[in-house]
Every structure is written in C-alpha cells, then in structure tokens.
2 protein chains.
Amino acid sequence: MKERGSLVEMDKIEGLNDIVGFHIRLAHGAVNRHFTETFADLDLTQKQVSVLWLTDDHPGISQIDLGRELQMDRATTMTIVNRLQQRDFIRRERSLTDGRKQALHLTDEGRTALSAAKQCIAQHEAWLKSRLKPSEIEKLVEMLSRIHD
Amino acid sequence: MKERGSLVEMDKIEGLNDIVGFHIRLAHGAVNRHFTETFADLDLTQKQVSVLWLTDDHPGISQIDLGRELQMDRATTMTIVNRLQQRDFIRRERSLTDGRKQALHLTDEGRTALSAAKQCIAQHEAWLKSRLKPSEIEKLVEMLSRIHD
DNA sequence: CCGAATTGTATGCTTCACTAACGAATTAGC
DNA sequence: GCTAATTCGTTAGTGAAGCATACAATTCGG
C-alpha cells in the first residue's frame, strides 16, 4: 500500500530505491570502479583520459574551454593538466591570440598514452554496453545528456 | 563522414560523446552539483543522507551491511558514520547477536535531520525528474540498476 | 580447541571539487 | 586613449570520498 503524492504524509516520501539520483550515483560508482581496474596498468583516471582526448581533438584548446566541456572549474582543471604535464603527456604554450590563455597540445608521449587509453576504453565500454540492448544505449545517452545539458 | 565499426581504424574509435561512461560521469557531476546546492543549509552530502536513510529503514544495521548496500568498503563507511556520529545523528551500539558488529541507530537529532533532508530530496528529485518524461524515469532507473547490479 | 574468516578501527595516500586571493592580459565604458 | 571591469591562469587551502594496509576482537568451521 504505497501512498504516493500524499500531501499529508510529506515525510515518508518514498524508498531510497525510488530516488533517481541514488541510482545515478551507484551507477557512476560501478562504472568508475570498473574503469579504475581497466586502467590500472596505464595509471590514468577518467578525467585524465577525457582531458587527453579533448586536447587531441582540439589542439591549442585553453584550460577554461577544457573545463567548460568537462564541467570542471578552473582550479580542478589546473590540477589535472598539471599531472598530465608532469608526466609529459601535455604541453602548455601561451596562446598567440589571447595572452591570458594557455594553448594545450599533446606531446608524442601523450598521443601514445591516449592511443593505449582508447583501446582500454573500448574494453571498458564493451563491459558497460553488455548490460544494455543497442537500442537502449542510444536512449540512455540521450536521457543522461538531458540531465547534464 | 563518421566511420563507425571500422576494424582497420581501431585508434580513432569514436568521439568522446559516444562513450556511455562519459555521459554517466557528467550526469553524476551535474546531479551532485545540484544536490550540494540544495543541501547547502543542511550541510549534508548524498552519501550522508543515504546512510541516515538506510539506518532509519533498518535500525541496528551493521556498518558492513550499510557498505554493501551503498557499495562502499569498510574504511569509507567508517569515515561517513564517524562524521554522522560526531554530529550526533547516529549512535553506535555493540550488536547483541554478533560482537564484531556495530548496531547503528539514528538519534532524535538524526531523525530530525533526515526528515529535513527528505524534504530537500523531494525538491532535488523534482529538478531531476523535470528533465524526463514519467515513462522515461522508470526506464532510466531500470537501466542504471542493470549497470550497478 | 585452534586456525580461518569477519568486522570494526586506525593510518595514510590519492583524486576530485570548491573557495579565495592574486597577477597578467584583455575587453568595455566613457 | 584611459581607466574600470572582466577573464584566465595560478597558488594555497579545505573537505569529501575511495582505497590499501595493518591490527584487534569476535565468530565460525573443523
């Protein structure tokens, strides 16, 4: 006897399992855990791979644009780019068109790492997609996109 | 001209936007950000609310079972329960049936906090659900459940 | 009863996210 | 053109989470 939408009983809304956000959090945890295993050898995180990938797709991209694309603030972007620069995967150059910006480029090492990462991503995605029917994958991505804009 | 499924071109698999895990991560970020705003006054995180909620639903639950439900290891569960205990939301008792376990209970303060939290959750969920059609919500939760088991 | 497994605990490390402040460069307003 | 506001990068500090490891107490299997 589930009483939903009852304005009287506002306290006991629903069970934790009916909270959409709860499932998004759990799914993210599961995906992240599997990602970490898959990338143990490469020693790269999701964020790091994303930054490598985007930098490769948009050579000379600024940190602020990188952050906008991945929904991170400037400070967070800094720490990630710093790590990748320390490992000689990314090179910072002052932008020629806007002196405030840094133009980011992959090094050869960075390209090699990204290439290896993409192989692992393929594995990781295969694991994830094995839990969904092809038609569902499209639907899922579309719905998630609506959530994150 | 997107070349998909090409076995020759294994390096350039697809765009970042075609990676399901990428969208899960972004969606989680967006949800978490909105959650944090909504809960700024209460000063509670998703995990903390989840622990309060589950402890309320299962009085006397052990930390290990809490962790299993929320997919956290023992150490992570500890830190969260510690924080909630420091704020007098949760009380630890030695289990009567198994001396290794702690039986967790909400305090009156904890119940008050959870009650307030559930009001905020309702707001937060409304924001999230406003981006989806009712029929989609069910489908989304079902798919996410398949991902996190 | 003894060894193995379970549970809680303590410690330390890492990633990520955010805030606040500052300087340098650019842009806008007048 | 010149000041004022804004943008971008940078640094430093805080806090939540997740994980690994080690240890003690308890329980369980034989």
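Note that the structure is predicted; figures quoted are calculated from it, not measured. The sequence lines fix the lettering, A, B, ..., with proteins before strands; numbering per chain opens at 1. Every heavy atom of this structure was used, including side-chain atoms; hydrogens, water molecules and symmetry mates were not.
Ring geometry, A:His124 versus A:Phe35: the interplanar angle exceeds 60°, so the pair is classed perpendicular (tilted spans 30 to 60°).
Contact between the side-chain N/O atoms of B:Arg83 and the OP1/OP2 oxygens of D:dA16 is found at a separation under 4.0 Å. Under 4.0 angstrom from either OP1 or OP2 of D:dC19 there lies at least one side-chain N or O belonging to A:Arg33. Proximity of B:Gln46 to the phosphate of D:dA16: no side-chain N or O atom is located under 4.0 Å from OP1 or OP2. For A:Lys101, no side-chain nitrogen or oxygen approaches OP1 or OP2 of C:dA24 to under 4.0 Å. Put simply, B:Gln71 has no side-chain N or O that comes within less than 4.0 Å of OP1 or OP2 on D:dG18.
No hydrogens or angles were tested; on distance alone, nothing pairs the side chain of B:Arg100 with the base of C:dG8 as donor and acceptor under 3.5 Å.
Comparing A:Gln48 and B:Ala103 by the nucleotide of DNA chain C that holds the closest heavy atom to each, the one mapping nearer the 5' end is B:Ala103. In terms of position on DNA chain C, the residue among A:Gly99 and A:Ile80 whose nearest nucleotide sits closer to the 5' end is A:Ile80.
Scored by the ring pair (Phe, Tyr, Trp, His ring centres under 6.0 Å) test, A:His58 finds no partners at all (sequence neighbours excluded).
Of the candidates A:Met72, A:Glu69, A:Lys47, A:Thr77 forms a side-chain contact (heavy atoms from CB on, under 4.5 Å) with just one, namely A:Met72.
With B:Arg131 contributing its side chain and A:Arg146 its backbone, the two residues share a donor-acceptor pair below 3.5 Å. Side chain of A:Glu125 to main chain of B:Gly21: a donor-acceptor pair is present (N/O by atom type, distance under 3.5 Å, no hydrogens or angles). A donor-acceptor contact shorter than 3.5 Å is absent between the side chain of A:His148 and the backbone of B:His28. Judged by distance alone, the side chain of A:Gln48 and the main-chain N or O of A:Thr45 form a donor-acceptor pair under 3.5 Å. In this structure, B:Glu93 contributes its side chain and B:Gly60 its backbone to no donor-acceptor pair below 3.5 Å.
The residue A:Arg92 sits close only to the backbone: its heavy atoms come under 4.0 Å of sugar-phosphate atoms, none of a base. Within the nucleic acid shown, B:Asp98 comes within 4.0 Å of sugar-phosphate atoms alone, with no base atom in reach, counting heavy atoms only. Residue A:Thr45 is classed as a sugar-phosphate contact, given heavy-atom separations below 4.0 Å to backbone atoms only. In this structure, B:Ser62 reaches the sugar-phosphate backbone alone: every heavy-atom distance under 4.0 Å involves primed, P, OP1 or OP2 atoms, never a base.
Closest approach to the B:Arg74 side chain among D:dG18, D:dA22, C:dA10 is made by D:dA22 (side chain taken as heavy atoms from C-beta onward). Minimum atom distance to the side chain of A:Ala75 is reached by C:dT19, of the listed C:dG8, C:dT19, D:dG18.
In this structure, the CD1 atom of A:Ile64 is 9 Å from the P atom of D:dT7, given to the nearest Å. Distance, A:Arg68 CZ to D:dT7 P: 10 Å, rounded to whole Å. Between the P atom of C:dT26 and the CG atom of A:Leu96 lies a distance of 11 Å, rounded to the nearest Å. The separation between A:Asp73 atom CG and D:dG13 atom P is 18 Å, rounded to whole Å. Nucleotide C:dG23 holds its P atom 15 Å from the CZ atom of A:Arg94, rounded to whole Å. For A:Asn82 and D:dA12, the CG to P distance is 11 Å, given to the nearest whole Å. One atom, NZ of A:Lys47, and another, C1' of C:dC18, lie 13 Å apart when rounded to the nearest Å. The nearest whole Å value for the distance from the CG atom in B:Asp43 to the C1' atom in D:dA16 is 11 Å.
For the helix from C:dC1-D:dG30 to C:dC30-D:dG1, the axis fitted to the five pairs at one end and the axis fitted to the five pairs at the other end meet at an angle of 30° (nearest 10 degrees).
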